[in-house]
Amino acid sequence: MVDQPTSRDWGGVIALGLIWGGTFMVVTMALEGYGPVTVATARTTLGALTLLAMMVLTGRTIPTGQAQLWRYIAIIGVLSTALPFLLLSWGQQYVASAFAGLSMAAIPLMVLPLAHFFSDEPLNLRRFVGVSLGFCGALVLIGPGLAQIGQGTEPLAQLACIGAALCYSFASIFTRRCPPIDPVVLAALSLVVGATLLLPIMLVTEGLPRWEGTRPGLAIIALGLVPTAFATLLRVSIIRSAGSVFLTLVNYQVPIWSMVFGAWILSEALPLRFFIALAMILTGLAISQWFSLRKMLIGR
């Protein structure tokens, strides 16, 4: 049983929101010098090497046998690293980083109906209302793009970002159903799966990367070390100390920080529909998680 959140836990969850919220801005910076496959591959490979080193330093071992466990690791690796990283990197060539970050806010709302069918968490009326409101927010976000399908690349890029969120949602369901395994080991091996898939694709389509300047070069290194590796360790620490429900507070921060960083540092324009969609998605998220949030924040 976890304890009540401490000041350290609050600091950690705020830091995690900042890190993941700023990831989309850093991806945009990396794309200034590298192709989307290279960005996705470098992020995955650097993250995998970092977490594998952490496994060695902390005495964690790779599980042997257990064919079912390895099937789950392979599926989670595809759905949580290779495919969404590739979709986001490609999509962010044509859409604002704020759009990509706002798309990720829909992940918890996508998980709820998936959990209804694939796990033992029924979708009750309150959750249904929250999911419906969040879904309407997603339609507000991508509505103009849907009306322009076939008229350019941007609408497809918007759908790619939403598709990445859907990949993360399915990955969450498979992670819940995965046989017992150390979370750091699971994260490391998932990234190894992603790197194994992406490396040959990168070599065939974009070749070996070279140093393309300070800003994109440092951005691509930061992607592998900070939001992919360090954030994983911080996430595990918060869950062990304060619980997974407390960690859901990150979901409320990521889209806000992505919009702040996009407008402040990248000078991205934020249409009115971004703010409407943000309000609808976050309200839907709050409704769907109301009792958990109330218990966590006020203790009853």
Side-chain angles (χ1 to χ4, degrees), residues 19-20 23-24 26-31 33-58 60-64 66-67 69-93 100 104 107 160-161 163-172 174-175 178-179 181-212 216-236:
I19 291 170
W20 282 342
T23 297
F24 309 96
V26 181
V27 168
T28 298
M29 291 178 175
L31 288 168
Y34 299 95
V37 182
T38 299
V39 171
T41 304
R43 175 182 181 181
T44 310
T45 304
L46 287 172
L49 292 174
T50 303
L51 289 185
L52 287 173
M54 180 62 65
M55 284 178 56
V56 173
L57 292 174
T58 57
R60 291 178 167 90
T61 58
I62 295 177
T64 57
Q66 305 178 55
L69 173 60
W70 280 100
R71 282 195 294 270
Y72 272 93
I73 291 173
I75 294 171
I76 294 168
V78 172
L79 293 176
S80 69
T81 62
L83 190 52
F85 286 2
L86 192 57
L87 287 172
L88 284 171
S89 295
W90 181 81
Q92 282 192 239
Q93 296 177 108
M104 298 303 104
I107 293 174
C161 292
L166 187 60
C167 287
Y168 285 130
S169 302
F170 273 106
S172 176
F174 279 101
T175 300
C178 182
I181 182 176
D182 183 286
V184 174
V185 175
L186 177 60
L189 295 181
S190 299
L191 287 166
V192 169
V193 170
T196 302
L197 292 173
L198 290 175
L199 275 169
I201 298 175
M202 180 193 72
L203 293 175
V204 170
T205 60
E206 297 178 359
L208 282 172
R210 297 177 297 177
W211 187 255
E212 299 291 349
L218 292 180
I220 208 169
I221 293 172
L223 280 173
L225 299 181
V226 183
T228 309
F230 173 73
T232 296
L233 300 178
L234 183 57
R235 172 180 172 273
V236 170

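By convention here, the first residue in the shown sequence is residue 1. These figures come from a predicted structure and were not determined experimentally.
- When all heavy atoms are compared, the tightest approach of Pro84 to Val78 is CD-O, 3.5 Å.
- Residues Ala229 and Leu51 share a closest heavy-atom pair of O-CD2, 3.9 Å.
- Considering all non-hydrogen atoms of both residues, Phe85 and Ser80 come closest at CE1-O, 3.9 Å.
- Exactly one residue among Thr50, Thr61, Ile62 makes a side chain to side chain contact (heavy atoms under 4.5 Å, CB included) with Met55. That residue is Ile62.
- With a 4.5 Å cut-off on side-chain heavy atoms, Val192 and Leu52 count as touching.
- Residues Tyr34 and Pro209 approach most closely at CE2-CB, 4.1 Å, considering heavy atoms.
- The minimum heavy-atom distance between Ala74 and Val193, with the atom names listed, is O-CG1, 3.8 Å.
- Taking CD1 of Ile73 as the reference point, atom CH2 of Trp70 lies at 4.5 Å (rounded to 0.5 Å).
- Panel note: side chain Thr228, backbone Leu223; a donor-acceptor pair is recorded below 3.5 Å.
- How far OG1 of Thr41 is from CG of Leu203: 8.0 Å, rounded to the nearest 0.5 Å.
- Between the side chain of Gln92 and the backbone N or O of Phe24, at least one donor-acceptor pair lies under 3.5 Å.
- In this structure, Leu46 CG and Ile220 CD1 are separated by 8.0 Å, a value rounded to the nearest 0.5 Å.
- Among Glu206, Arg210, Arg43, the single residue meeting the side-chain hydrogen bond (donor to acceptor under 3.5 Å, both in side chains) criterion with Thr38 is Glu206.
- In this structure, the side chain of Ser172 does not engage the main chain of Tyr168 through any donor-acceptor pair within 3.5 Å.
- For the pair Leu86 and Val37, the minimum side-chain heavy-atom distance is below 4.5 Å.
- Rounding to the nearest 0.5 Å places CG of Leu189 at 8.5 Å from CG of Leu69.
- Within the model, atoms CG of Leu186 and CD1 of Ile181 stand 5.0 Å from one another, a figure rounded to the nearest 0.5 Å.
- For Ser169, the side-chain contact (heavy atoms from CB on, under 4.5 Å) criterion is met by Ile107, Met110, Val111, Leu114, not counting sequence neighbours.
- Heavy atoms of other residues, nucleotides or ligands lying less than 6.0 angstrom from CZ of Phe174 number 12 at most.
- The side-chain heavy atoms of Leu87 and Cys161, taken from C-beta on, include no pair separated by under 4.5 Å.
- For the atom pair Leu83 CG and Leu88 CG, the distance stands at 9.5 Å (nearest 0.5 Å).
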* Any chance you could lay out the side-chain contact (heavy atoms from CB on, under 4.5 Å) test for Val39 and Leu31, step after step, and finish with the verdict? => CA-CA 7 Å; Val39 171; Leu31 288 168; 3.8 Å; yes
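- For Ala30 against Ala219, the heavy-atom pair with the smallest separation is N-CB, 3.7 Å.
- Residues Thr175 and Ser190 fail the side-chain proximity criterion, which asks for heavy atoms closer than 4.5 Å.
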